[in-house]
Amino acid sequence: MSILQDIKNAVRSRSIHVSYVDVGSCNGCDIEVLACLAPRYDIEQYGIYVHNNPREADVLLVIGSVTPQWVDKLRDIWEKIPEPKVAVAIGNCPISGCVYARRGTLTTPPVENYIPIAAQVPGCPPRPTEILNAILSVAPLIYKDYEEKQP
Amino acid sequence: MRSIVYYVREFLRPEWLKKFFFAKTAPLVTPSYFKDYPSRTEKECTACLSCMMICPAPGAIAVLRKKDGWEPEVYPGHCIRCGLCVEACPEGVLASGRILDVTRRDKTAFSSWYRLQVDDTLCMRCGNCCVSCPVNRQVDPQLAGTGTSASDEVIMRIEGGRVTILHEEKCTGCKTCENNCPNRAIRVARMVEGVQGEEAEA
């Protein structure tokens with residue numbers, strides 16, 4: 001049983017669907033995520049598909065320091081994603097607020113306050129390779145003993 | 001028929017199968033110009049705090065006191081990898097990518113000074129700034145009260161009822177004047193300029 005489970009999980013973790021949400025970034029990290037989709041880094045060769053639809057996503061990439069308007073909407077998006085799911089914080093902004101973490105700015109980082117974050121990719125912006133590595137390293141974790149832990 | 005055999009043979013080649021089933025992109029090499037998070041070299045930190053002063057990201061670098069001397073520490077969630085701390089450090093304590101090689105090759109450096117600015121509409125001529133300034137006190141121990149001074153060597157003094165800045169270049173950037181100003185009329189700004197060539201070596 002468990003061998004079969006392992007095979008199933010291994011196969012599933014090679015078919016990851018990704019959705020990304022920009023909760024108030026400067027677009028630098030968005031462009032690095034976009035570079036992952038382009039032929040040079042080509043995220044699809046690892047079986048990762050970007051549909052940008054939370055209802056069929058496994059991994060949510062959160063980009064940007066959270067602006068107040070996004071606080072409840074981000075929570076909604078996170079709840080729309082079916083189990084199993086993980087969120088990855090891309091860039092410094094969701095981790096610390098980066099250069100926006102000053103007095104008088106209308107941002108409310110970190111994003112961990114609103115949704116659980118499985119991995120953080122620091123950088124301003126991170127390199128596409130780093131984003132790719134983060135997604136690939138959380139992929140096996142998503143399905144790890146997925147069916148066993150279901151009631 | 002021959003072409004079918006050719007294709008079957010081609011598709012059974014181990015290299016082809018490996019290429020087909022396993023990851024495929026051109027190797028993701030780090031380019032030579034990539035600057036990673038600054039790492040410490042074995043040079044000794046003198047705690048001049050140039051790195052902290054030039055850092056544009058809040059909370060990205062801190063010079064911490066360790067058992068044997070001071071050590072700059074970079075925080076990845078905050079650092080934007082601009083490399084300014086590496087360039088600004090006069091001792092070469094930090095290294096990142098090829099920044100140090102390039103600054104050495106091009107003979108570039110940062111020169112900094114402090115600019116004093118008094119907002120005349122806010123200033124009420126109390127003279128607190130002139131009296132509190134530790135450099136002023138050293139130059140002219142008689143300086144007190146209203147901030148007038150007979151010495152021409154002080155950084156600033158009250159002349160004819162207003163603050164006159166005489167020797168900006170003597171300012172050490174301690175900001176004692178700023179803290180003692182009741183109206184926030186005086187401001188100390190650290191100015192940084194990139195220089196190249198003989199200027200940088202001096």
Side-chain angles (χ1 to χ4, degrees), chain A residues 10-11 13-14 16 25-26 28-29 32 35-48 62 65 88-105 107 109-112 117 119-137 139, chain B residues 15-40 51-62 64 72-88 94-99 175 178-179 184 187 189-190 192:
Chain A
V11 171
S13 65
R14 301 210 36 163
I16 298 289
S25 88
C26 66
C29 298
E32 299 303 309
C36 289
L37 316 181
R40 188 185 175 91
Y41 295 100
D42 198 10
I43 204 168
E44 293 203 353
Q45 70 184 332
Y46 300 99
I48 301 167
V62 187
S65 54
V88 179
I90 302 288
N92 278 354
C93 281
I95 301 172
S96 68
C98 198
V99 291
Y100 300 111
R102 294 172 197 275
R103 234 180 319 143
T105 54
T107 57
V111 78
E112 285 154 310
I117 294 289
Q120 295 175 329
V121 189
C124 186
R127 303 190 64 224
T129 338
E130 291 169 343
I131 298 173
L132 207 52
N133 277 336
I135 300 172
L136 288 175
S137 53
Chain B
E15 298 99 85
W16 189 90
L17 287 172
K18 203 177 152 201
K19 232 188 196 167
F20 186 81
F21 284 108
F22 297 98
K24 309 107 193 182
T25 13
L28 301 173
V29 286
T30 317
S32 61
Y33 46 83
F34 177 61
K35 314 177 278 199
D36 208 341
Y37 294 108
S39 56
R40 279 192 296 273
C51 48
M52 280 177 78
M53 285 193 274
I54 205 156
C55 181
I61 190 165
L64 303 178
E73 193 157 325
V74 176
Y75 299 102
H78 299 248
C79 176
I80 64 170
R81 294 192 277 206
C82 63
L84 282 178
C85 51
V86 180
E87 277 187 68
L94 293 164
S96 162
R98 57 181 194 189
I99 296 175
K175 295 200 174 185
E178 233 185 72
N179 295 336
R184 292 196 193 144
R187 278 185 49 210
R190 185 171 186 256
V192 179

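All chains are named by letter (A, B, ...) in the order of the sequence lines, taking the proteins before the strands, and each is independently numbered beginning at 1. Quick note: numbers below take in every heavy atom, side chains included, and nothing from hydrogens, waters or symmetry partners. What you see is a predicted model, and the numbers here were worked out from it, not measured in a lab.
For the pair Leu94(B)/Ile61(B), a side-chain contact is recorded, criterion being any heavy-atom separation below 4.5 Å from C-beta on.
Only the backbone of Pro125(A) has a heavy atom closer than 4.5 Å to any heavy atom of chain B. At a 4.5 Å heavy-atom cutoff, the contact between Tyr37(B) and chain A is made by side-chain atoms alone. In this structure, the portion of Pro56(B) lying under 4.5 Å from any heavy atom of chain A is its backbone and not its side chain.
Taking the side-chain hydrogen bond (donor to acceptor under 3.5 Å, both in side chains) definition, one finds that Gln120(A) meets it with Glu112(A), sequence neighbours left out.
Side chain of Asn92(A) to main chain of His78(B): a donor-acceptor pair is present (N/O by atom type, distance under 3.5 Å, no hydrogens or angles).
In Arg184(B), the CZ atom is not crowded: 12 or fewer heavy atoms of neighbouring residues, nucleotides or ligands sit closer than 6.0 Å.
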